[in-house]
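On a predicted model such as this, the values are computed, not experimentally measured, just so you know. The residues of the chain are indexed from 1 along the displayed sequence.
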Amino acid sequence: MVSSLLSPFPNVISQPNLVSRASPPFFTRAQMSSESLPPLPEHRIVLGCGSVGVDFLASVASYPKPDDKIRSTSLKVQGGGNAGNALTCVARLGLNPRLISKVANDAQGKSILEELESDGVNTSFFIVSEEGNSPFTYIIVDNETKTRTCIHTPGYPPLIPDELSQSQLLSALDGANMVYFDGRLYETALIIAKEAACKNIPILVDAEREREGLDDLLNFASYAICSARFPQAWTKAPSLPSALLSMLLRLPNLKFVIVTLGEDGCIMLERSVNGGSDAEEIDIHGLLESLKQRKDESKTIPTCISSVVTNLSANGIGTVFGRLFIGTAEKIPPSELVDTTGAGDAFIGAVVYALCAGMPPEKMLPFAAQVASMQAASGCRALGARTGLPHRTDPRLATFL
């Protein structure tokens, strides 16, 4: 491993016309006054544990073939990592996030900490190694296919649970209203999850893909947000709706599960605690299709369609008493789409805020979709996972807050 890593692009930083580090969006908008905003949630402390890093984002006209030599059309150096992105979103929305992770005492590690702190993320619980390297990722954004390819180099040495003392753990959890895990650093995350569960602190888990230790974390989860492929891959259920049902049946602590579907929005299945014995039993596949038929395709802003509370069933899976929701996403013209990096993290950060603010699902899903689409509107139309993350005072959030 590299003992001191100044930059994987050693000659690029000196070219300011090509590179910006943690640069602001390419445009500015008027800000709402604090008097016009609803009050912040009373409980605003959120603890996260997971990945951070530096992203080197190179946009290219088209993805290179083997042995090709091409030039980037633009390049940005910016903080990344799922947990780092999500909690940056949380901070910009007005909460007080704390983050547990690890970096090396190198140039990249220092920039990671400085960027997070400048956005209001508490990094006092980070472990800083005197040797090794901080995590970084090369991201190639293909302008032709609107896709991204990530090449990740993990941090070294990795975080081990013994590096987080019991006193640090208790201090990090003190006053926390929610704990968030992105599925990385699972050994340390599991220790945090056990302590949080003992203190009855709700836990949200990002289930992006199957990872070592994720099953154990999900057993503690109050809420799960999944990528499109995860539910079926994890449950082996024959369809996405039946997979969501299976997740609630397999994870009794889970209050809801959301699966994000990119431009198709999201689907959420919420467990209801009271009642159920006299409620009608409805096949979840038919219910989902009926909700889809209620979507208004003329609307460009995010919306939510919900079912009544009822017994939802799937053949061979079982029955859950609850509600099904469809959340729509903003429609971004394909010609304006550049980079989708971080849109999912923005959605998760907004859900964390919504839960702390006590938003009902009918309000939470459009709000989260709007925050993600604002990352899309300024980030997917630009480069980087944090470029378009909105601040709470952004007027585009006014009707959703």
Side-chain angles (χ1 to χ4, degrees), residues 41 43-55 79-103 109 112-128 134-135 155 158-159 161 163-164 168-197 199 201-208 211 213-214 216-218 220-226 258 342 344-357 368 371-372 375 385-386 389:
H43 303 290
R44 298 196 288 275
I45 298 175
V46 174
L47 175 63
C49 175
S51 64
V52 296
V54 174
D55 288 348
N82 296 81
N85 297 337
L87 290 189
T88 295
C89 178
V90 165
R92 292 188 186 182
L93 291 174
L95 302 186
N96 301 325
R98 303 164 178 167
L99 182 52
I100 295 173
S101 193
K102 184 175 183 177
V103 294
I112 290 168
L113 297 177
E114 288 171 1
E115 187 175 348
L116 288 169
E117 290 163 0
S118 70
D119 265 310
V121 179
N122 184 338
T123 63
S124 62
F125 300 100
F126 264 66
I127 306 300
V128 180
S134 299
L159 177 64
E163 291 180 292
L164 183 69
Q168 286 177 309
L169 172 58
L170 294 177
S171 179
L173 285 169
D174 185 39
N177 190 53
M178 181 170 295
V179 178
Y180 153 73
F181 301 109
D182 68 2
R184 275 86 164 183
L185 311 179
Y186 75 92
E187 292 176 317
T188 301
L190 192 56
I191 290 173
I192 299 168
K194 290 177 181 177
E195 191 66 37
K199 297 179 178 296
I201 302 173
I203 293 170
L204 186 148
V205 174
D206 174 7
E208 182 182 32
R211 303 180 189 277
L214 183 59
D216 294 329
L217 276 180
L218 284 171
F220 288 98
S222 311
Y223 315 101
I225 300 180
C226 310
I258 298 173
D345 300 329
F347 183 93
I348 290 172
V351 169
V352 170
Y353 175 90
L355 288 169
C356 290
V371 171
Q375 163 61 21
R386 300 183 189 173
L389 288 176

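The minimum heavy-atom distance linking Pro97 with Leu87 is given by the pair CG-O, 3.5 Å. When all heavy atoms of Leu99 and Cys49 are compared, the closest pair comes out as CD1-N, 4.1 Å. Heavy atoms only, all atoms of each residue included: Ile45 and Gly175 are closest at CB-O, 3.5 Å.
A donor-acceptor pair under 3.5 Å is absent between the side-chain atoms of Ser222 and the main chain of Pro202, judged by distance alone. Using modelled atom types, one side-chain atom of Asn85 and one backbone atom of Gly81 make a donor-acceptor pair closer than 3.5 Å. Checked by atom type and distance alone, the side chain of Glu115 pairs as donor or acceptor with a backbone atom of Gly79 at under 3.5 Å. Arg92 places a side-chain N or O within donor-acceptor distance of the main-chain N or O of Leu389, the cut-off being under 3.5 Å.
A distance of 9.0 Å separates SG in Cys89 from CG in Asp345, rounded to the nearest 0.5 Å. Atom OG of residue Ser124 and atom CD of residue Gln168 lie 9.0 Å apart, to the nearest 0.5 angstrom. Atom SG of residue Cys226 and atom CG of residue Leu218 lie 7.5 Å apart, to the nearest 0.5 angstrom. Note that the CD1 atom of Ile225 and the CD1 atom of Ile348 stand 5.0 Å from one another [nearest 0.5 Å]. For the atom pair CD1 (Ile192) and OG1 (Thr188), the distance works out to 6.5 Å, reported to the nearest 0.5 Å. Distance check: Ser101 OG to Ile112 CD1 gives 8.0 Å after rounding to the nearest 0.5 Å.
When only modelled atom types and interatomic distance are considered, Asp182 and Asn82 share no side-chain donor-acceptor pair under 3.5 Å.
Tyr180 places a side-chain heavy atom less than 4.5 Å from the side chain of Asp206. Residues Ile191 and Leu169 meet the side-chain proximity criterion, which asks for heavy atoms closer than 4.5 Å. Val352 has its side chain within reach of Met178: a pair of non-hydrogen atoms, C-beta onward, lies under 4.5 Å apart. No side-chain heavy atom of Val179 sits less than 4.5 Å from a side-chain heavy atom of Leu204.
For Glu163, the side chain to side chain donor-acceptor pair (under 3.5 Å) partners two or more places apart in sequence, or in a different chain, are Lys102. Residues satisfying the side-chain contact (heavy atoms from CB on, under 4.5 Å) criterion with Thr123, sequence neighbours excluded, are Leu113, Leu116, Glu117, Phe126. Evaluation of the side-chain contact (heavy atoms from CB on, under 4.5 Å) rule for Ala357 yields Pro41, Tyr353, Met359 as partners, not counting sequence neighbours. With sequence neighbours excluded, the residues that form a side-chain contact (heavy atoms from CB on, under 4.5 Å) with Ala172 are Leu47, Ile100, Phe125. Judged as a side-chain contact (heavy atoms from CB on, under 4.5 Å), and not counting sequence neighbours, the contacts of Ala193 are Phe181, Ile203, Leu217, Phe220. When the salt bridge (charged side-chain N to carboxylate O under 4.0 Å, His left out) test is applied to Arg184, the partners found at least two apart in sequence or on another chain are Glu208.
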**Report entry** Stepwise side-chain contact (heavy atoms from CB on, under 4.5 Å) test for Leu214 and Val205
**Finding:** CA-CA 9 Å; Leu214 183 59; Val205 174; 3.7 Å; yes
Report task. Show your reasoning for whether side-chain contact (heavy atoms from CB on, under 4.5 Å) applies to Val371 and Phe347. Result -> CA-CA 6 Å; Val371 171; Phe347 183 93; over 6 Å; no
Query raised in the report: Checking side-chain contact (heavy atoms from CB on, under 4.5 Å) for the pair Asn177/Arg44: CA distance, chi angles, key distance, verdict?
Result: CA-CA 7 Å; Asn177 190 53; Arg44 298 196 288 275; over 6 Å; no
**Report entry** Working for side-chain contact (heavy atoms from CB on, under 4.5 Å), residues Leu95 and Cys356
**Finding:** CA-CA 9 Å; Leu95 302 186; Cys356 290; 4.0 Å; yes
